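Inspection log for the structure reproduced underneath, given as structure tokens.
Below, read A as the first sequence line, B as the second, and so on, with proteins coming before strands; counting in each chain starts at 1. Just so you know, these numbers come straight off a predicted model, no measurement behind them.
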There are 4 protein chains.
Amino acid sequence: MITDQDISVHNEQKFKVHSSEIQHLETKLQDKGFDVKNIISDLARFQVAIPSWALGTGGTRFGRFPGGGEPTSLEEKIADVGLLHKLNASSGAISLHIPWDIPENTNQLIALAKEHNLAFDAVNSNTFQDQPNAEVSYKFGSLCHIDPGIRKAAVDHNKEVIRIGKELDSKALTIWLADGSTFPGQHNLRGALQRTHESLASIYDDLPEDWKLLLEYKPYEPNFYSMVIPDWGTSFLLVSKLGEKARTLVDLGHHLPNTNIEQIVAVLMSESKLGGFHFNDSKYGDDDLTVGSLKPYQMFLIFNELVDGMRNTQNPEISWMIDASHNLKDPLEDLLQSVEAILIAYAQALIVDRKSLALAQEKNDVARAQEILQDAYRTDVRPLVAAARMQSGAALDPISLYRSAEVRSRLVKERGLHAVATGL
Amino acid sequence: MITDQDISVHNEQKFKVHSSEIQHLETKLQDKGFDVKNIISDLARFQVAIPSWALGTGGTRFGRFPGGGEPTSLEEKIADVGLLHKLNASSGAISLHIPWDIPENTNQLIALAKEHNLAFDAVNSNTFQDQPNAEVSYKFGSLCHIDPGIRKAAVDHNKEVIRIGKELDSKALTIWLADGSTFPGQHNLRGALQRTHESLASIYDDLPEDWKLLLEYKPYEPNFYSMVIPDWGTSFLLVSKLGEKARTLVDLGHHLPNTNIEQIVAVLMSESKLGGFHFNDSKYGDDDLTVGSLKPYQMFLIFNELVDGMRNTQNPEISWMIDASHNLKDPLEDLLQSVEAILIAYAQALIVDRKSLALAQEKNDVARAQEILQDAYRTDVRPLVAAARMQSGAALDPISLYRSAEVRSRLVKERGLHAVATGL
Amino acid sequence: MITDQDISVHNEQKFKVHSSEIQHLETKLQDKGFDVKNIISDLARFQVAIPSWALGTGGTRFGRFPGGGEPTSLEEKIADVGLLHKLNASSGAISLHIPWDIPENTNQLIALAKEHNLAFDAVNSNTFQDQPNAEVSYKFGSLCHIDPGIRKAAVDHNKEVIRIGKELDSKALTIWLADGSTFPGQHNLRGALQRTHESLASIYDDLPEDWKLLLEYKPYEPNFYSMVIPDWGTSFLLVSKLGEKARTLVDLGHHLPNTNIEQIVAVLMSESKLGGFHFNDSKYGDDDLTVGSLKPYQMFLIFNELVDGMRNTQNPEISWMIDASHNLKDPLEDLLQSVEAILIAYAQALIVDRKSLALAQEKNDVARAQEILQDAYRTDVRPLVAAARMQSGAALDPISLYRSAEVRSRLVKERGLHAVATGL
Amino acid sequence: MITDQDISVHNEQKFKVHSSEIQHLETKLQDKGFDVKNIISDLARFQVAIPSWALGTGGTRFGRFPGGGEPTSLEEKIADVGLLHKLNASSGAISLHIPWDIPENTNQLIALAKEHNLAFDAVNSNTFQDQPNAEVSYKFGSLCHIDPGIRKAAVDHNKEVIRIGKELDSKALTIWLADGSTFPGQHNLRGALQRTHESLASIYDDLPEDWKLLLEYKPYEPNFYSMVIPDWGTSFLLVSKLGEKARTLVDLGHHLPNTNIEQIVAVLMSESKLGGFHFNDSKYGDDDLTVGSLKPYQMFLIFNELVDGMRNTQNPEISWMIDASHNLKDPLEDLLQSVEAILIAYAQALIVDRKSLALAQEKNDVARAQEILQDAYRTDVRPLVAAARMQSGAALDPISLYRSAEVRSRLVKERGLHAVATGL
């Protein structure tokens, strides 16, 4: 869809303006003592996995309004992520969701991914839906189910997901559990947790040595009274019991109103238990909106903790992934916007004057500490992000190139107006 | 499914215990100066409409787990509501949802409803989903849509719903709008409101003289940045402009966290603008759970305002309806539980010692005022509700009779395990 | 203020009605297989500590409106709690707050408490306010403070509180930390947690063998960006590191909107880490209202977990305490209402048919499980609570006796209209 | 404290860097078609009133930690605001709070204000606290009180505030009511609203022709069950009944979690009923934090509506005011930060490409609409704000000049370390 040639032409057109912007910013940052080359390299290295289900239009329980030209095979999904990565050089991995994405010819898939410079990031299991002709039903839970047979089926499914992931050279299993109860009394709260722990332990036993098990938490939806793993504390409790390879995954949308998420990030890192991140944004609940579209300052504060934690804790490398559901936008445009927002937040965090900040904290100079953070945040860092992209051979302005190349209408032509991807 | 004979037998079995309970309570209440006969009559008169869509298992965006034996035709839906009404004598109306329930033979339907002693309550329009082969799409709104053609289609749909309602002798149109925006900037907030007002005015013009237009509000979902009618204030603003026949409908689940709903009820009644009520319960958002399953004291406080308002304001008669979505329970059991919870709250509100309450308020005796409310609430009023049912020829314990009569398994046998009703 | 004789007269007047009530209820419960005597004994044994600061009128930052006749000495506070305990036989302990309640003559105090049949429950430290002429300021934190000198002062204060508690035969130290930050950047989130841990470890070292350290959590207020211990997860993390004697204390008002508190209770008990409970109620935040005045069903669900946990986990005995702030009511009336609400919730939890509940859970019969809980909740258990009180020699209707004895006006006469207790 | 000479020297030092910044930005904006001179003029004209109570350190119910050198007389408060205005040329008005700021010598005050180029903005009444020796108590409400005598006192107080305001050439009365109830049943919800309406009508009768009555709303605190005016809908209902001169005042902190405030702004402007604004920021409730310190994107979205509304509605001129409470910072630094944040949001809103936005909305191009808003928001507009200040003879970097001039330590020396201002 987009060739190296397209990118060259695009970058040439945009270069003059970009050049003036980056020079201006570079001067400013150098005056403040930053090594701009390093910052750009950090940005260029940062890779965010794209989940296979984000390539189609999502929906709500009230309806779904698919766009068109959505990928209907795993191959097409890889092609879509490849296209994104071509444009922004920051989406170099795909995260599969089983059973929505069961590979048929693994070797061929691996070759295809390689062609697009893509890795296979964490594989995701799904025990929140009943597949057609499934032998068991997850209506009343999976890993927590009162019936040992259903628990076993759910455990086996996770082991199967690991098996598939191993073939693709994935290195992590992400488990999000919809398990919970919708009415008080529906299940014994302690019992459900205990059974979940046992099921997870059985899955953990199957985890290869060089893998991670990433355990999500979520306070509500689809269950509306209790979720078995509602908060970081419960996830942390479980991963601590499971062992070294198990860690907590933070999804930005999975919190009660007003939660201080960056503090959760900081605490988990101080315990070396932050395993992964699902980026999205929201105003009300798990709204699954474009990253940075509602609370960009929160994103910055989170990256401020991440940068600090990556430098000053023993927390192992974190898996970065987008987890959004694009109800109204072209999913590819939305993903481009999300990756851009992530890199902007990261860039802002990289230009925080940490020495001065530590000094202000030392003196309880609250106003000054705020000023230091805001100075970084208010800086227009987009030229840094663009420079990182250009350095990696990608487009200075990915979404503008995507649009001028009329990718979506070509995809619709190719795949059809009614091609609908698997997903929510 | 359930005959008069079944009910007689059931009531005879339960009568002895019930008799002791009601006598005990009657004595207690009479000592406090209440006319128990009146209370029971008030309870017996109270009728809550059942929405056609609540008869099937609902779902979330993460999956749907239908039970079995769900009604697949309007006739079967009427039969289901008829069964409920037979059991509790408090569900004497059905509320249709167009286009899920377009009547084919109106006269036959009316006759069928009459057989079951059912009226047709408010008819509901649906402009939040695209129907197969629809000529327009509501992806970006309906009554607020920027495109006049789509607005006209949505207005026309509402007029068609009125036409159908007139044939069934319904007297109200309920409008719930999913219209809104999911991202800042998506639409002009004032423009969307203005267009919605114009569309509503055009619908209002078609409203028969003896009808009401009931306008719902909801803060979020399915749109996640703004809803055109997010709160009672906006609904009130619009119904005030529309005219006398337009009033606000309160759905319990459509509020931000911690909203004082009973105060909204009180204020709307003081302005004679409370038109209808959608009962359900929730812990987090529009969870659509069984009435009274999470916040029974809130239900009581709401009925406390309703009883006060019905006695002391000019607010016209209110339309009562359940609006829940039963994901995990047998929908009919759930509806029986919901109606029971409504009547319990109403009964508690009827035994509030209002004279003493007014006196305590007069003296700012806050502890005493609380005691008076709690005394009513802590009283076990279930015998009153049962007595009202028995007086109307229904079952003392509807859910127990429903279960012992094995209704669901008979429905499954009759309609099939995979019979799935229309709805969310 | 209230003599045994007063109670006898009162109980005689109320006995006839009570007798009819309890007999009616006893029959009902016995038919369901409950041993009513046991239930009444359980209720009679249940003791809730009264905090010394709840005996005066509280306030908000917008103002304080003291009532009159408040206790101005520790002796008067003990007298007030003694009066409550005389009336309800369920408030047999007082919880002191240092430095608001520094005992001057310990032996005399112990004798006075004994006279009133009171024990000294957990002692509370205060590092959230600056005392007049204090050498250090807690403006920017205490146990988390960046300045080691201030941390040491805060640690020493806690050790001093332990010392005082030992003299009074208290067995627990409750630590609530206001520490946190009000603006992003104000302090390093990980650093503040780390320093807090070290300070706590130093306090823990001083804890006598038979003591508990109870660690509260709170998401916000008085700090409005981050609290060092914002949630149960952070408290749990810290108490796990501290050791066996450290456990988490749950204050009902210290949660974000919509938190499922009963689940936190269940999880903490499954880990044997639920140490104590602060009862109150709230609609918005840490409103510190009368127990059961807003969310009585939540109280029941919490006690449902507590009863289940006390029977089926290894969790050691829990410290029960009220922690409310009575802005508008006579504090003593409010405390009587609070204790009553606690006992009602406990009684309801004691009559849950747990065998049937387990069976319904086994079968995923969600509607039935709800019915079982609601059957217990809807039962009017007040006669059980009254019977427990009478059995212990206290009043059938404490608040009514309190009022008819005109206690408050006698206290005002005795102590003055402008006697103001220490506290918030 | 700060002379013209100080400002000149400061601006000379900062000019070179500023000059490069503004030139770079000017070029960029001109390329996009903006008239930068106009934008700078708009910014220079924008004036935000400073409330007299924000000049001292605020507190919470848990404690207050005053800084030092706070103004203890009205004259000193005017001097402090004068200093701010000298520094930023955007704080040209002071808003008084009666009875905290009763002027003694009006003429002298007016002269003093004139000296500082300050106007007297809206005057604020206070019926939420009892003043020493007050004849009535507002413990149970003021304008809503059940006792006509107390209502009259509260009405009279407001009339007295108008009288004082007239002398100072103020043109608006701001009413914030703490009135409400803390427990269900405490007062009759409809009755309280009705009485409040009558009291307001009586105050309105006294309002001079060229005045506005600004009516705030707030969902909770200091009352914790209901507030008489909890939301914009109730305020709107009341101001509509009162008349043309009455309008709603929006305080950013007075909303339930997740409220879309910018939509309220848009709706009020469409009805010409947005009268005033209280700026602050918050994460949890009415936290009263520095403007822009937590949710700067929300601030931008609000200004986006304000700019749109000021251009396209009939809404009369709006009163702008800060309403924050600076618990931990030097209040003057905090106010400088707040004004800066307001101007930044305003500047960002002024560079939204509204033509393209309208076009994207016309085409339901959601991703593009978001891009347009974010392009404005991500631009570093600080040079525009600095340019506006310099143009008005104020400092390029007010807070840096404030610090280098060591204003606070001079104030402490002058007024004392224990000088404490009136306020919360």
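When the candidates Leu301(C), Val352(C), Leu193(C) are compared by the number of heavy-atom contacts under 4.5 Å with chain A, Leu301(C) comes out ahead. In terms of non-hydrogen atom pairs under 4.5 Å with chain A, the most contact-rich of Ala367(C), Ala266(C), Gly191(C) is Ala266(C).
For Ala360(C), no part lies under 4.5 angstrom from a heavy atom of chain A. With a 4.5 Å cut-off on non-hydrogen atoms, Pro257(A) touches chain C through its backbone and its side chain both. For Pro184(C), the parts sitting under 4.5 Å from any heavy atom of chain A are the backbone and the side chain alike.
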Extract the chain A to chain C donor-acceptor pairs under 3.5 Å, no hydrogen or angle test applied.
residue   : atom : partner   : partner atom : Å
Gly185(A) : O    : Gln361(C) : NE2          : 2.9
Asn188(A) : ND2  : Asp308(C) : OD2          : 3.2
Arg190(A) : NH2  : Asp308(C) : OD2          : 2.7
Tyr225(A) : O    : Asn260(C) : ND2          : 3.0
Tyr225(A) : OH   : Glu262(C) : OE2          : 2.5
Met227(A) : O    : Gln263(C) : NE2          : 2.7
Asp231(A) : OD2  : Trp232(C) : NE1          : 2.7
Trp232(A) : NE1  : Asp231(C) : OD2          : 2.7
Lys241(A) : NZ   : Glu271(C) : OE1          : 3.3
Lys241(A) : NZ   : Glu271(C) : OE2          : 2.6
Asn260(A) : ND2  : Tyr225(C) : O            : 3.0
Glu262(A) : OE2  : Tyr225(C) : OH           : 2.5
Gln263(A) : NE2  : Met227(C) : O            : 2.7
Glu271(A) : OE1  : Lys241(C) : NZ           : 3.4
Glu271(A) : OE2  : Lys241(C) : NZ           : 2.6
Asp308(A) : OD2  : Asn188(C) : ND2          : 3.2
Asp308(A) : OD2  : Arg190(C) : NH2          : 2.7
Gln361(A) : NE2  : Gly185(C) : O            : 2.9

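Counting all heavy atoms, side chain and backbone alike, Gly185(C) lies closest to Ala369(A) at O-CB, 3.3 Å.
Side chains of Val267(C) and Leu237(A) form a contact here, defined as non-hydrogen atoms less than 4.5 Å apart.
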